[in-house]
Amino acid sequence: MIDRAIWTRGMTKKFAGFELRDVNLSLETGSVLGLIGPNGAGKTTTIKLLGGLLKPDSGEVEVLGENPWGAGPSLRRRLGIVSDESQWYGPLSAADTEAWVKRLYPRWDSAGYTARLSEFGIDRRKRLSDLSKGQKMKFSLAVALSHEAELIILDEPTSGLDPVSRSELLDTLHSVVSEGKASILFSTHITSDLERIADHIAFIMAGKIVFCEDIDSVLERHAVIRGPAALLDTALLGYVVGARRYDAAFEGLTDRAAELRDAPPAGLIIERASLEDIMVYTAREDYRVRAIA
Amino acid sequence: MFALLLKDWLLLRKERLIIAVVFIALALGVAAGGAGSGFFAAGSGMATIILLFPSYIAVSYSNAYDFKYGCEPLLACLPPGRDAIVGSKYLLALATNLLIPAAAILRALSAALGLGGDAFPFELFATSFSLSLILAAVELAAYFRFGYIKSRWAAMAVFACAGAIAGIASGVVDTGASPAVGSAAGGSAAFLLLLFGAGVILFALSWLYSVRTYKKKEF
């Protein structure tokens with residue numbers, strides 16, 4: 001039994017104009033890791049490295065106990081990747097696709113595949129190119145679930161989906177997680193999606209992991225703070241990750257919420273931070289402390 | 001690898017029809033042709049080129065579907081592995097190339113039944129088979145190294161060269177003489193043997209090169 005579905009240490013990949021540096025990630029078997037970050041932060045590069053589509057320049061990468069780069073069928077049969085960039089063949093129907101894909105997986109569950117297609121409202125005879133974006137994502141998920149993937153990696157699966165399709169996809173993922181069927185890595189910039197299903201959060205920015213920890217700890221550690229702008233000129237500034245000034249007030253984010261809650265300065269309001277608050281205040285250059293000080 | 005060939009079989013639904021039409025047209029040509037005068041007559045450069053089409057269409061369209069639907073990363077994530085992905089394309093080329101010997105058998109039967117002349121243009125089929133191997137070798141090596149768009153240019157260049165070679169072959173076979181090879185009968189055989197050898201060696205080297213290249217490819 002492998003305890004960690006994903007484990008990386010110092011994973012680095014350089015491109016012209018972009019570098020993914022010293023990425024340390026860990027996903028426990030049976031749990032959900034949400035990978036968040038702004039566009040161009042390195043989420044897709046990370047996923048490609050984990051999927052064996054890119055070779056790391058340095059560092060160690062283990063997916064289900066194996067190095068994904070150059071991995072053989074034994075790993076790939078246990079892995080399901082759902083991504084905008086890994087599309088299925090448009091001219092083929094779901095039935096055609098099953099005809100060739102099932103030969104790749106010894107554990108293929110035909111009955112389960114049919115049931116999932118039906119559940120997702122996908123016509124077996126319809127060409128995949130005629131499916132909506134949401135249905136295409138669900139189709140990819142149906143394939144991954146039908147070969148009983150132990151690890152499902154989803155790259156921006158909800159991006160571009162309408163709220164109803166997003167909600168349905170998240171419900172499906174939620175049921176997969178509840179049944180303990182697979183470990184999931186879910187990359188997105190729609191952070192509210194993760195608050196519903198993720199156990200752990202990794203925040204990546206400009207190619208570096210800012211944090212990778214339990215979602216409850218992340219939400220507990222951070223808080224949105226508000227108060228008179230004059231407070232930013234005091235020792236409070238040392239507690240602030242990022243903030244924006246209004247005329248006479250400010251709103252910001254702290255990653256030392258417990259300390260501030262214990263002894264809040266006069267006039268300071270402390271509220272629960274969402275993942276979006278954390279991402280926005282951490283990522284925006286103009287909200288950084290040196291920009292507002 | 002069989003799963004990937006099945007995938008191509010399913011994808012190439014329309015192209016199979018085109019290939020069938022080409023093959024039927026060739027079969028009709030066989031039935032109508034006579035030795036030295038028909039479409040399938042020894043030394044017919046046009047027939048040599050047309051015989052390349054089944055394999056060319058199958059390989060090119062298989063690559064085109066991968067490109068159009070952005071399926072290369074998907075395939076690289078699936079269990080067969082990259083050597084199997086490469087292998088399936090080369091096997092597809094070989095399998096569709098077998099239509100050339102099939103046409104040759106048809107031609108022989110036709111001749112035996114007295115329907116299509118009395119000569120069996122072995123040279124024509126041998127030239128087509130060898131050129132088809134060379135075409136697939138260059139196109140697939142370019143595809144796995146540089147991607148689909150550049151492989152199209154490579155295929156077009158080979159097609160142009162194939163036309164020239166078919167023309168040379170036609171001359172060699174018609175006259176039985178080659179400037180490079182001495183005697184008349186020996187000239188034709190040596191040319192065909194050289195072409196066939198080049199085709200087989202190039203195909204094998206291309207396969208090995210593609211496996212090596214594609215294993216290192218990043219998406």
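In what follows, chains are A, B, ... by sequence order, proteins preceding strands, each numbered from 1.
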Under 4.5 Å from a heavy atom of chain A, the part of [X] involved:
X	answer
B/Lys68	neither
B/Asp66	both
B/Lys215	backbone
B/Leu75	side chain
B/Lys14	neither

Proximal component of A/Leu54, with respect to chain B [non-hydrogen, under 4.5 Å]: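 The answer is both parts of A/Leu54.
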
Interchain contact, A/Ala71 with chain B, by part (heavy-atom threshold 4.5 Å):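 Contact with chain B is absent: no heavy atom of A/Ala71 under 4.5 Å.
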
Any donor-acceptor N or O pair under 3.5 Å, side chains A/Ser110, A/Lys102: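 Result is no, nothing qualifies.
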
From A/Thr46, A/Asp155, A/Thr44, residue fulfilling side chain to side chain donor-acceptor pair (under 3.5 Å) relative to A/Ser187: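 When A/Thr46, A/Asp155, A/Thr44 are each tested with A/Ser187, the side chain to side chain donor-acceptor pair (under 3.5 Å) holds only for A/Asp155.
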
Nearest-0.5 Å distance, OG1 of residue A/Thr8 to CG of residue A/Leu27: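 Nearest 0.5 Å value for the OG1-CG distance: 11.0 Å.
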
Atom pair NZ (B/Lys216) and CZ (B/Arg82), whose distance is rounded to the nearest 0.5 Å: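 Between B/Lys216 NZ and B/Arg82 CZ, I get 12.0 Å after rounding to 0.5 Å.
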
Parallel, tilted or perpendicular, as decided by the 30° and 60° cut-offs, for the rings of A/Tyr113 and A/Trp108: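 Geometry flag for A/Tyr113 against A/Trp108: tilted rings.
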
Residues, nucleotides or ligands: over 12 heavy atoms within 6.0 Å of A/Lys14 NZ: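 12 or below, so no.
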
Chain A interface, residue from B/Ala76, B/Gly81, B/Ala84 that has the most non-hydrogen pairs under 4.5 Å: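 Of the options given, most contacts go to B/Ala76.
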
